Student: 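Structure incoming, see below.
This structure is a prediction, so every number in the text was calculated from the model and none was measured.
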Amino acid sequence: MAPPDMRTLAAVAGLLICAFMLASLVSTDLRRSGRKSAARGTVMGHVASLKDGVHTYAAIVGYEIDGKSFEQTDDVWWPHRTPREGAAVRLLFPVGHPELAYRPRPWLRVLSYALVGALGAVMIAILSGGV
């Protein structure tokens, strides 16, 4: 039996990466499923990061639930400060866990699933000899 060629090995590695990415997406969605409460937060500032000479920013959102104040750093980092400081943003959190608040981004989730699915389909096509 001949050893697999580099193309096959790369496709298998790509398929494993797609499976890991899909598991990560599903895990996050399951953690965020169930009954949710909504809150309004205000962008209090931004956290900056410099990597490979590129500045990126994540919003720091402050919000109050039942008289307790919370701060949450956004999950998404942008090349510019967005939304602007002082802007009102919508947050969702599981009932009883306001510390787990996040900004809902349904289109980003749909795009993420579509991209992972498309990459997985390409890897499967390569493995089956179709590409």
Side-chain angles (χ1 to χ4, degrees):
M1 184 168 141
D5 62 347
M6 278 309 266
R7 185 176 170 157
T8 302
L9 291 175
V12 168
L15 196 55
L16 290 173
I17 290 169
C18 286
F20 174 77
M21 290 167 48
L22 182 62
S24 177
L25 286 169
V26 169
S27 171
T28 300
D29 286 345
L30 287 175
R31 256 194 329 267
R32 292 180 174 176
S33 67
R35 291 187 18 221
K36 295 178 189 69
S37 291
R40 278 271 179 228
T42 303
V43 177
M44 302 172 67
H46 295 84
V47 176
S49 174
L50 177 63
K51 187 173 183 179
D52 298 329
V54 177
H55 285 278
T56 55
Y57 305 92
I60 300 171
V61 179
Y63 56 103
E64 192 172 302
I65 306 292
D66 297 331
K68 291 177 75 176
S69 296
F70 296 91
E71 277 188 10
Q72 184 72 31
T73 302
D74 201 354
D75 296 335
V76 180
W77 292 72
W78 298 94
H80 46 85
R81 291 182 168 108
T82 185
R84 64 176 168 66
E85 198 167 325
V89 295
R90 181 173 181 252
L91 299 169
L92 295 178
F93 60 91
V95 173
H97 295 281
E99 71 280 0
L100 299 177
Y102 62 94
R103 290 182 58 202
R105 291 184 172 89
W107 288 111
L108 183 61
R109 301 306 290 176
V110 169
L111 181 63
S112 298
Y113 277 106
L115 183 60
V116 170
L119 289 173
V122 168
M123 296 302 130
I124 290 171
I126 290 171
L127 285 173
S128 66
V131 175

Student: Hydrophobic clustering (ILVMFWY, side-chain heavy atoms < 4.5 Å, transitive) - are Met123 and Leu16 grouped together?
Tutor: yes
Student: Return the minimal non-hydrogen interatomic distance between Tyr113 and Asp29, and the atom names on each side.
Tutor: OH-OD2, 2.6 Å
Student: Would Leu30 end up clustered with Leu22 when hydrophobic side chains under 4.5 Å apart are linked, directly or stepwise?
Tutor: yes
Student: Same hydrophobic cluster for Val122 and Val12, using side-chain heavy-atom links shorter than 4.5 Å among ILVMFWY?
Tutor: yes
Student: Are the side chain of Thr28 and the backbone of Ser24 linked by a donor-acceptor contact shorter than 3.5 Å?
Tutor: yes
Student: In sequence, state the C-alpha distance, the side-chain angles, and the governing distance for Leu91 and Arg103, and then conclude on side chain to side chain contact (heavy atoms under 4.5 Å, CB included).
Tutor: CA-CA 5 Å; Leu91 299 169; Arg103 290 182 58 202; 3.6 Å; yes
Student: How long is the span from the NE2 atom in His46 to the CZ atom in Arg84, to the nearest 0.5 Å?
Tutor: 10.5 Å
Student: If every non-hydrogen atom of Pro106 is compared with every non-hydrogen atom of Pro104, which pair is closest and at what distance?
Tutor: CD-C, 3.7 Å
Student: Starting at OG1 of Thr82, measure out to CH2 of Trp77 and round the result to the nearest 0.5 Å.
Tutor: 14.0 Å
Student: Leu9, Ile124: one ILVMFWY side-chain cluster at the under-4.5 Å cut-off?
Tutor: no
Student: Going from NE2 on His80 to OG1 on Thr56, what distance comes out if it is rounded to the nearest 0.5 angstrom?
Tutor: 11.5 Å
Student: Nearest 0.5 Å, please: how far is CZ in Arg40 from CD1 in Ile65?
Tutor: 12.0 Å
Student: Look at the aromatic rings of Tyr63 and Phe70 and report parallel, tilted or perpendicular, splitting at 30° and 60°.
Tutor: parallel
Student: Let me check something: do Phe93 and Val89 share a hydrophobic cluster, defined by ILVMFWY side-chain heavy atoms less than 4.5 Å apart, either directly or through other members?
Tutor: yes
Student: Which atom pair, heavy atoms only, marks the closest approach of Cys18 to Gly120?
Tutor: SG-N, 3.6 Å
Student: Please report the closest heavy-atom contact between Ala11 and Ile126, naming both atoms and the distance.
Tutor: CB-CG2, 3.5 Å
Student: List in chain and number order the residues that pass ring-ring contact (aromatic ring centres under 6.0 Å, His included) with Tyr102, two or more places apart in sequence or in another chain; answer none if no residue qualifies.
Tutor: none
Student: Applying side chain to side chain contact (heavy atoms under 4.5 Å, CB included), run through Tyr57 and Asp74 and close with a yes or a no.
Tutor: CA-CA 9 Å; Tyr57 305 92; Asp74 201 354; over 6 Å; no
Student: If you round to the nearest 0.5 Å, how far is CZ of Arg35 from CG of Leu92?
Tutor: 14.0 Å
